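We use all heavy atoms of the structure for the numbers below, so side chains are in, but hydrogens, waters and symmetry mates are not. Nothing here was measured: the structure is a model prediction, and the numbers come from that model.
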Amino acid sequence: MRKDIYDAVAALVHPLPDPEDFAAANSHLSESDQSDVFAEVCEGVVRAREQYVAELREEAEQAAERDEEFDPLLAELSRCRAQMLELERRISLLLAYGREFVRPQPYQLKELASAAGLSISGVRIAYDADEIRDVEQIIGEKPRRPVGEEYR
């Protein structure tokens with residue numbers, strides 16, 4: 001039986017847990033408790049999928065009322081992209097903070113690179129003066145060096 005695209009996207013966004021991974025992560029529980037908890041987790045995922053499908057279908061109805069096309073896969077991809085951009089921005093702000101605001105010594109490039117999954121040179125170019133100013137505004141502190149000087 002072929003899945004409806006709404007159900008397929010919901011299954012990809014809200015996957016059921018892998019039974020083996022779940023058992024390994026919950027090895028401190030008895031088998032009976034593991035089974036009960038696993039069933040509850042799966043029920044929660046199924047409810048989340050159902051809610052998500054309902055939200056997608058509502059979006060589709062609203063788009064239809066505006067005579068617009070709606071594709072649940074493309075809509076989810078757009079949401080994922082927006083989340084990625086937001087996370088990349090957060091990483092840039094955190095890197096700027098670690099290098100430009102932490103006193104008396106900034107975090108080492110190799111530490112930040114390892115934590116962020118970047119190369120050392122990647123950390124050096126991951127933020128610029130705009131992000132430094134944004135961090136300054138957000139945390140209410142001045143950077144170690146004035147922005148505009150060579151700061152990397």
Side-chain angles (χ1 to χ4, degrees), residues 1-66 68-128 130-132 134-141 143 152:
M1 174 185 250
R2 187 164 178 203
K3 279 193 178 219
D4 168 281
I5 190 170
Y6 292 87
D7 292 328
V9 171
L12 293 168
V13 172
H14 298 283
L16 289 170
D18 180 86
E20 291 177 14
D21 291 344
F22 185 87
N26 293 282
S27 60
H28 61 285
L29 298 175
S30 69
E31 283 188 38
S32 174
D33 287 345
Q34 278 184 22
S35 178
D36 292 343
V37 173
F38 185 76
E40 288 177 23
V41 169
C42 289
E43 289 172 15
V45 170
V46 169
R47 283 192 302 276
R49 282 182 184 181
E50 291 168 350
Q51 177 64 35
Y52 181 74
V53 167
E55 291 168 4
L56 287 175
R57 291 191 190 284
E58 177 65 27
E59 282 185 70
E61 287 177 22
Q62 291 172 358
E65 290 171 4
R66 296 186 305 267
E68 297 174 359
E69 296 279 330
F70 178 81
D71 184 299
L73 176 65
L74 298 178
E76 183 56 33
L77 285 170
S78 293
R79 279 190 278 273
C80 288
R81 177 71 179 145
Q83 289 174 349
M84 275 181 23
L85 291 173
E86 177 56 34
L87 291 173
E88 288 172 359
R89 171 141 170 82
R90 190 182 314 168
I91 288 170
S92 295
L93 294 174
L94 290 166
L95 292 171
Y97 174 76
R99 288 296 294 166
E100 307 302 329
F101 291 84
V102 174
R103 291 176 176 88
Q105 295 295 317
Y107 279 81
Q108 292 183 6
L109 288 168
K110 67 180 180 180
E111 293 173 321
L112 295 172
S114 176
L118 298 171
S119 64
I120 288 173
S121 60
V123 171
R124 285 190 175 114
I125 64 169
Y127 65 92
D128 59 21
D130 290 337
E131 278 89 10
I132 294 171
D134 290 347
V135 171
E136 181 178 3
Q137 183 179 4
I138 292 167
I139 69 171
E141 293 180 20
R152 300 210 167 118

Intermediate values then yes/no, side chain to side chain contact (heavy atoms under 4.5 Å, CB included), V53 and D4 = CA-CA 10 Å; V53 167; D4 168 281; 5.7 Å; no
For this session: Check the pair R79 / E59 against salt bridge (charged side-chain N to carboxylate O under 4.0 Å, His left out), numbers first and verdict last.
Result: CA-CA 13 Å; R79 279 190 278 273; E59 282 185 70; 3.2 Å; yes
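When the salt bridge (charged side-chain N to carboxylate O under 4.0 Å, His left out) test is applied to E58, no partner is found at least two apart in sequence or on another chain.
For the pair L77 and R81, the minimum side-chain heavy-atom distance is 4.5 Å or more. Proximity of D134 to R89: side-chain heavy atoms (C-beta onward) are separated by under 4.5 Å at one or more points. Here the side chains of L87 and R90 are in contact, with some heavy-atom distance below 4.5 Å. Looking at N26 and F38, their side chains never come closer than 4.5 Å, going by heavy atoms from C-beta outward.
One distance of note links CD of Q83 with OG of S78; it measures 11.0 Å at 0.5 Å rounding. Note that CG of D71 and OH of Y6 are 7.5 Å apart. Values are rounded to the nearest 0.5 Å. The line from OG of S92 to CD1 of I132 is 11.0 Å long, rounded to the nearest 0.5 Å. Residue R57 holds its CZ atom at 10.0 Å from CZ of F70, rounded to the nearest 0.5 Å. With rounding to the nearest 0.5 Å, the separation of CG in L56 from CD in E76 is 7.5 Å.
Across every non-hydrogen atom of A96 and F101, the tightest pair is O-CD1, 3.7 Å. Closest of all the heavy-atom pairs between A10 and R49 is O-CG, 3.7 Å. Scanning both residues, D128 and D130, for their nearest heavy atoms gives OD1-N, 3.0 Å. Residues R103 and P143 share a closest heavy-atom pair of NH2-O, 3.1 Å. The shortest non-hydrogen separation linking Y52 to V9 is OH-CG1, 3.8 Å. When all heavy atoms of L93 and V135 are compared, the pair lying nearest together is O-CG2, 3.4 Å.
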Under 3.5 Å, which donor-acceptor pairs do the side chains of residues 105-114 form with other protein atoms, sequence neighbours left out?
residue : atom : partner : partner atom : Å
E111    : OE1  : Q108    : N            : 3.2

Please output the side-chain donor-acceptor pairs of residues 13-21 that fall under 3.5 Å, not counting sequence neighbours, one pair per line with the distance.
residue : atom : partner : partner atom : Å
D18     : OD2  : E20     : N            : 3.0
D18     : OD2  : D21     : N            : 2.9

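Annotation for E69: atom CD does not count as buried by contact number, only 12 or fewer foreign heavy atoms lying within 6.0 Å. Other residues, nucleotides and ligands place no more than 12 heavy atoms under 6.0 Å from the CD atom of E31.
No hydrogens or angles considered: a donor-acceptor pair under 3.5 Å links the side chains of S121 and S119.
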